[in-house]
There are 2 protein chains.
Amino acid sequence: MGIDLLGPDPIYRQLAAVIRKRVNDGTYAPERGPIPSEAALCEEFGVSRNTVRSAVRALNEEHVLRTVMGRGTFVNPIDRRIAAVIVDRISVGTYRPGRALPSEAALAKEQDVGRDSVRSAIARLTEDGVLHTVEGQGTFVSQREDAAPHE
Amino acid sequence: MGIDLLGPDPIYRQLAAVIRKRVNDGTYAPERGPIPSEAALCEEFGVSRNTVRSAVRALNEEHVLRTVMGRGTFVNPIDRRIAAVIVDRISVGTYRPGRALPSEAALAKEQDVGRDSVRSAIARLTEDGVLHTVEGQGTFVSQREDAAPHE
DNA sequence: GCTCATTTGTCCGTATGTATC
DNA sequence: TGATACATACGGACAAATGAG
């Protein structure tokens with residue numbers, strides 16, 4: 001669970017994995033305010049700030065965290081995270097307009113979250129017109145909705 | 001034309017602008033081999049490697065440059081650059097299957113290149129099946145061709 | 001409005017490891 | 001082998017945004 005200085009994995013990736021785990025087990029959570037500052041993480045893990053920043057940047061790209069300059073880094077609520085992932089995949093063409101989304105179960109398993117979170121994310125994106133549901137057929141990517149970053 | 005240490009723009013963006021200009025005026029060109037090394041650029045502009053790297057990374061994302069690990073950073077031939085930009089836009093949905101491409105003139109103006117380069121890029125992508133032309137109607141994005149990175 | 005501490009953003013210099021030629 | 005270049009990591013510095021007072 002610690003950091004292996006000698007392993008083949010870069011330190012920043014290992015650190016990202018540790019932080020991701022803490023998000024998953026609730027040690028870091030949206031309602032608890034920001035995660036420890038970069039300086040605090042340097043202190044705890046005995047690594048440089050640039051290394052911490054690399055890890056945090058990676059988790060931002062996964063939408064697990066959201067960093068705000070001058071305030072701190074926050075855990076993204078799970079449903080928002082899932083919604084952001086879906087929007088990303090639409091924007092890079094992994095999911096395409098007119099095509100069905102993977103099943104809730106598949107998304108939940110892949111992202112290692114509950115189906116409720118996936119359902120909530122889909123509900124959000126449906127309200128925004130990014131997705132739409134066809135009775136008995138599944139959820140589809142809508143046409144032409146310029147994927148609006150949520151909030 | 002130089003680097004303004006005090007301006008509001010990050011240095012790496014300014015440096016990227018300078019390099020882009022040198023590409024445009026032919027100081028750096030594909031047939032001249034790799035652009036100067038990171039160390040040389042650091043030396044010339046008095047900035048750190050990380051800053052140079054940020055600038056070069058940005059230009060890679062624009063397809064102006066292409067970095068090859070262990071070899072160096074090269075100027076992308078203009079027609080390849082335009083082709084790469086078009087492929088990117090298809091993959092993010094800016095250009096969509098079945099829809100017409102903007103006119104050659106519009107693309108040339110926007111990308112600040114000659115119409116010949118745009119024409120050449122379109123020819124490449126047509127050969128690859130990414131685009132197709134309808135007599136008297138224009139050039140369209142083809143269906144289903146998984147945008148193959150050129151080369 | 002102002003100052004101040006906290007936090008993130010950018011940058012620098014350096015060092016080591018690895019890939020390519 | 002040696003030269004060149006990128007990837008990662010360190011430690012330090014100052015700037016910019018935020019919020020508390």
Side-chain angles (χ1 to χ4, degrees), chain A residues 2-20 22-23 28-76 151, chain B residues 2-19 22-23 28 30-76 151:
Chain A
I3 304 290
D4 173 17
L5 284 312
L6 301 180
D9 267 21
I11 294 177
Y12 77 93
R13 284 189 200 281
Q14 298 180 50
L15 179 53
V18 172
I19 295 174
R20 196 184 296 105
R22 289 185 179 179
V23 169
Y28 300 152
E31 63 275 9
R32 295 197 175 183
I35 72 172
S37 69
E38 292 174 356
L41 291 171
C42 295
E43 177 79 11
E44 177 185 354
F45 294 98
V47 299
S48 76
R49 189 173 160 227
N50 285 333
T51 302
V52 169
R53 284 178 58 73
S54 289
V56 170
R57 185 219 256 182
L59 293 170
N60 264 278
E61 286 169 0
E62 296 176 23
H63 303 291
V64 170
L65 301 179
R66 203 165 64 88
T67 294
V68 183
M69 180 177 173
R71 295 217 303 134
T73 295
F74 302 80
V75 177
N76 223 358
E151 164 184 11
Chain B
I3 304 291
D4 174 18
L5 284 312
L6 302 181
D9 268 9
I11 292 179
Y12 76 90
R13 285 188 197 281
Q14 298 180 50
L15 179 53
V18 171
I19 295 174
R22 290 185 179 179
V23 170
Y28 301 153
E31 63 276 9
R32 296 197 175 186
I35 71 171
S37 70
E38 290 184 350
L41 290 171
C42 296
E43 178 78 10
E44 175 180 356
F45 293 99
V47 299
S48 76
R49 284 198 181 99
N50 287 336
T51 301
V52 169
R53 281 171 49 66
S54 292
V56 170
R57 193 215 300 174
L59 293 170
N60 264 279
E61 287 168 2
E62 295 176 24
H63 303 290
V64 170
L65 300 179
R66 202 164 65 88
T67 294
V68 183
M69 176 162 168
R71 292 201 23 218
T73 296
F74 302 80
V75 177
N76 223 358
E151 162 186 10

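To find a chain, count down the sequence lines: A is the first, B the second, and so on, and within it residues start at 1. Every heavy atom of this structure was used, including side-chain atoms; hydrogens, water molecules and symmetry mates were not. Model, not experiment: these values are computed from the prediction.
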Worksheet item: For A/Ser54, which contact category applies under a 4.0 Å heavy-atom criterion: base, sugar-phosphate, or nothing?
Response: nothing

Item to complete: Rounded to the nearest angstrom, tell me the gap between atom CZ in A/Phe74 and atom C1' in D/dA17.
Response: 13 Å

Worksheet item: Does the side chain of A/Leu15 reach to within under 4.5 Å of the side chain of A/Leu41, using non-hydrogen atoms?
Response: no

Worksheet entry | Nearest-Å distance for atom pair CG/P, residues A/Leu65 and C/dT7 | 16 Å

Worksheet, complete the sentence: Whole-Å distance, A/Glu38 CD to D/dG11 C1', equals 14 Å

Worksheet entry | Nearest-0.5 Å distance, CD of residue B/Glu38 to OG1 of residue B/Thr73 | 7.0 Å

Worksheet item: Nearest-Å distance, CG (A/Asp9) to C1' (D/dA7)?
Response: 14 Å

Discussion item. Side-chain N or O of B/Ser37 versus OP1/OP2 of D/dA5: is the shortest distance under 4.0 Å?
Written reply: yes

Practice prompt. For B/Asn60 and B/Leu65, work out which heavy atoms get closest and say how close.
Written response: OD1-O, 3.2 Å

Practice prompt. Report yes if a side-chain nitrogen or oxygen of A/Ser48 is closer than 4.0 Å to either non-bridging phosphate oxygen (OP1 or OP2) of D/dG12; otherwise report no.
Written response: no

Discussion item. Whole angstroms only, please: what is the CZ-C1' distance between A/Arg57 and C/dT10?
Written reply: 12 Å

Practice prompt. Check for a donor-acceptor pair, side chain of A/Gln14 on one end and backbone N or O of A/Asp9 on the other, with a separation under 3.5 Å.
Written response: yes

Worksheet, complete the sentence: Judged by nearest nucleotide, the residue sitting upstream toward the 5' end of DNA chain D, A/Tyr12 or A/Val68, is A/Tyr12

Discussion item. Side-chain N or O of A/Arg49 versus OP1/OP2 of D/dG12: is the shortest distance under 4.0 Å?
Written reply: no

Worksheet item: C/dT6 phosphate, OP1 or OP2: any side-chain N/O from A/Arg71 under 4.0 angstrom?
Response: no

Discussion item. Nearest heavy atom decides the nucleotide; on that basis, is A/Arg13 or A/Asn50 closer to the 5' end of DNA chain D?
Written reply: A/Arg13

